[in-house]
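Note sheet for the following structure.
The figures here come from the full heavy-atom set of this structure, side chains too, leaving out hydrogens, waters and symmetry mates. Proteins come first, then strands; the chains are lettered A, B, ... in the order of their sequence lines, and each starts at number 1.
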Amino acid sequence: MLDSALSVFRMGRNMARLMEGLGVTLEISLLAVALSILLGVPIGLLMASRSLLAKRSLRLYLEFIRVMPILVLLFLFYYTISKFWNVNLSAMTVSILVFTLWGTAEMGDLVRGAVTSLSRHQWDSGRALGLSETQVSFYVVIPQAARRLLPGVINLTTRMIKTTPFVYFINLPDLMKVGQQVVEVSGFRNPLASVWVYGFIFLIYFVICYPISVLSRRLERRWHN
Amino acid sequence: MLIGQEVLRIMDLEKSFGQRVVLKKLTLTVRQGEVLVVVGPSGCGKSTLLRCLNGLEPVNGGQIVFGGQYLTDPQTNWSQIRQRVGMVFQNYELCPHLTALENVLLGPVKVQKRKKTEAMAKAEHWLTRVDLWDRRDSYPRQLSGGQKQRVAIVRALAMDPEIMLFDEVTASLDPEMVREVLDVILNLAKEGLTMIVVTHEMAFARAVADRIIFMDDGRIVEDSAPEAFFRAPATERARRFLNVFHYDDIHAPNPAKAEPSKDANATKAEPSKDANAKAEPSKDAAKDAAEGLGPAKGGGAP
């Protein structure tokens with residue numbers, strides 16, 4: 001059994017290729033998640049602002065991204081837009097772009113929710129103590145908003161990571177795509193190859209996502225006390 | 001109690017939310033050590049008045065002079081004024097992510113930049129006085145409503161304010177917790193702290209006030225000594241208002257004889273209506289007032 005498993009990974013550059021695939025997956029995930037969080041905060045604050053124009057247009061953006069399957073967005077940017085405007089975006093650029101567009105919209109909505117759910121009286125009570133606007137944000141609003149934001153952000157992060165295999169359809173050799181290629185090649189000689197390879201991939205996704213959700217539970221518990 | 005010199009003077013104060021005029025040329029003077037209790041139906045502008053005094057609401061006209069300083073001056077340094085004007089809110093508004101002690105230290109340490117040891121000593125003094133020093137490391141959600149409100153009072157006192165504003169501080173409390181909060185305020189009044197108290201607790205108003213201010217529809221309708229106000233209000237409007245707190249005893253042979261003050265500690269359920277005023281500027285003041293006259297919760301009828 002073990003031999004059959006090891007042989008799949010030892011064959012040719014299989015293991016190295018899987019690791020390269022993992023690199024692609026991590027690059028898309030990390031960049032898109034980081035950009036989404038960075039861009040989502042100001043977007044969310046704008047969504048919570050009084051500007052009707054900002055609110056309406058961002059709402060439209062959010063709904064558009066929400067109803068659109070990620071796959072459609074990937075195709076739209078990779079095949080259609082490059083033809084239409086005659087720009088050549090690499091599959092990697094398109095992937096990061098699409099995932100960031102999605103993540104930013106969702107993150108913005110999370111930030112909007114966290115900020116608007118804080119009562120206006122929390123601002124008032126901080127100001128009544130003599131705290132400046134910046135001090136109120138820093139000592140009163142942000143710590144509370146961050147706590148409310150955490151579960152949603154963790155959920156979004158793991159969802160984004162889990163959705164990256166879609167880049168397979170625009171021929172980006174991520175972990176999943178490489179895995180499939182390895183199975184196709186090794187499958188002739190090793191009928192259990194798919195079990196080992198996909199099992200391995202499952203394990204890797206677990207190893208990436210599980211610590212994130214443990215961390216979030218830890219933080220939540222610490223903040224709860 | 002020694003009543004000293006004038007600390008606060010309000011002249012022709014005007015405030016409106018959109019089309020709705022909330023304060024109509026209101027004039028009032030508060031002296032050192034005086035306890036003013038402001039009563040009146042919901043939506044009459046009581047809370048807005050308090051919020052204008054520490055700049056939480058910008059005013060539309062008139063003057064506010066505090067300790068010789070014009071607060072209506074656009075150059076007013078509100079952070080500095082608010083250190084001298086303590087305010088306690090209906091819903092406590094403690095920071096949920098900070099312990100009772102951290103809440104109390106927030107102002108002295110972050111705003112007044114006092115030394116931690118000095119601020120700590122003051123916090124200990126006040127928290128001990130309200131019997132909450134033992135609970136200093138508790139978070140607000142671990143405290144009862146009455147305890148939270150006492151922490152909120154201490155948080156304001158820790159800044160050494162010259163005047164305290166209490167905005168319906170017992171309105172969200174269960175009836176049995178009202179007392180512990182009012183006792184704290186009563187003791188502060190005895191010690192000569194200047195304060196303006198907005199409340200619906202009529203028995204308390206009678207006990208603590210040096211002057212009762214009765215407001216209706218953005219104006220001061222009566223400004224009188226508590227005994228005079230409760231025994232014989234000068235205006236028909238005030239009489240009608242006081243009747244809300246009085247229930248006829250259906251068993252009494254002569255209901256007309258029932259003492260109004262008996263039922264006065266009725267707690268009225270009033271979800272911070274004034275706070276919503278800004279969000280709903282069109283809301284009719286008269287309708288608000290009518291709501292305020294609704295049946296009292298936890299009222300006196302046995």
Between [X] (side chain only) and [Y] (backbone N and O only), is there a donor and an acceptor less than 3.5 Å apart?
{"X": "B:Glu93", "Y": "A:Asp124", "result": "no"}
{"X": "B:Ser79", "Y": "A:Gly130", "result": "yes"}
{"X": "A:His121", "Y": "B:Tyr92", "result": "no"}

B:Lys110 NZ to A:Leu131 CG distance, which is reported to the nearest 0.5 Å: 9.5 Å

Taken to the nearest 0.5 Å, the spacing of B:Gln83 CD from A:Leu129 CG works out to 9.5 Å

Option in B:Leu106, B:Thr99, B:Val111 with maximal non-hydrogen atom pairs under 4.5 Å from chain A: B:Val111

Max heavy-atom pair count under 4.5 Å with chain A, selected residue of B:Met87, B:His97, B:Gln80: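 Greatest number of close heavy-atom pairs with chain A: B:His97.
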
For [X], is it the side chain, the backbone, both, or neither that has a heavy atom closer than 4.5 Å to a heavy atom of chain A?
{"X": "B:Leu94", "value": "backbone"}
{"X": "B:Arg84", "value": "neither"}
{"X": "B:Val85", "value": "backbone"}

Taking all heavy atoms of A:Ser125 and all of B:Phe89, pick out the closest pair and write down the distance.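 The answer is CA-CE1, 3.5 Å.
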
Restricting to salt bridge (Lys or Arg N to Asp or Glu O under 4.0 Å), what partner residues turn up for B:Arg136, sequence neighbours left out? none

Sequence neighbours excluded, every pair satisfying side chain to side chain donor-acceptor pair (under 3.5 Å) that has a member inside residues 144-153 of chain A: A:Ser117-A:Arg148, A:Gln122-A:Gln144

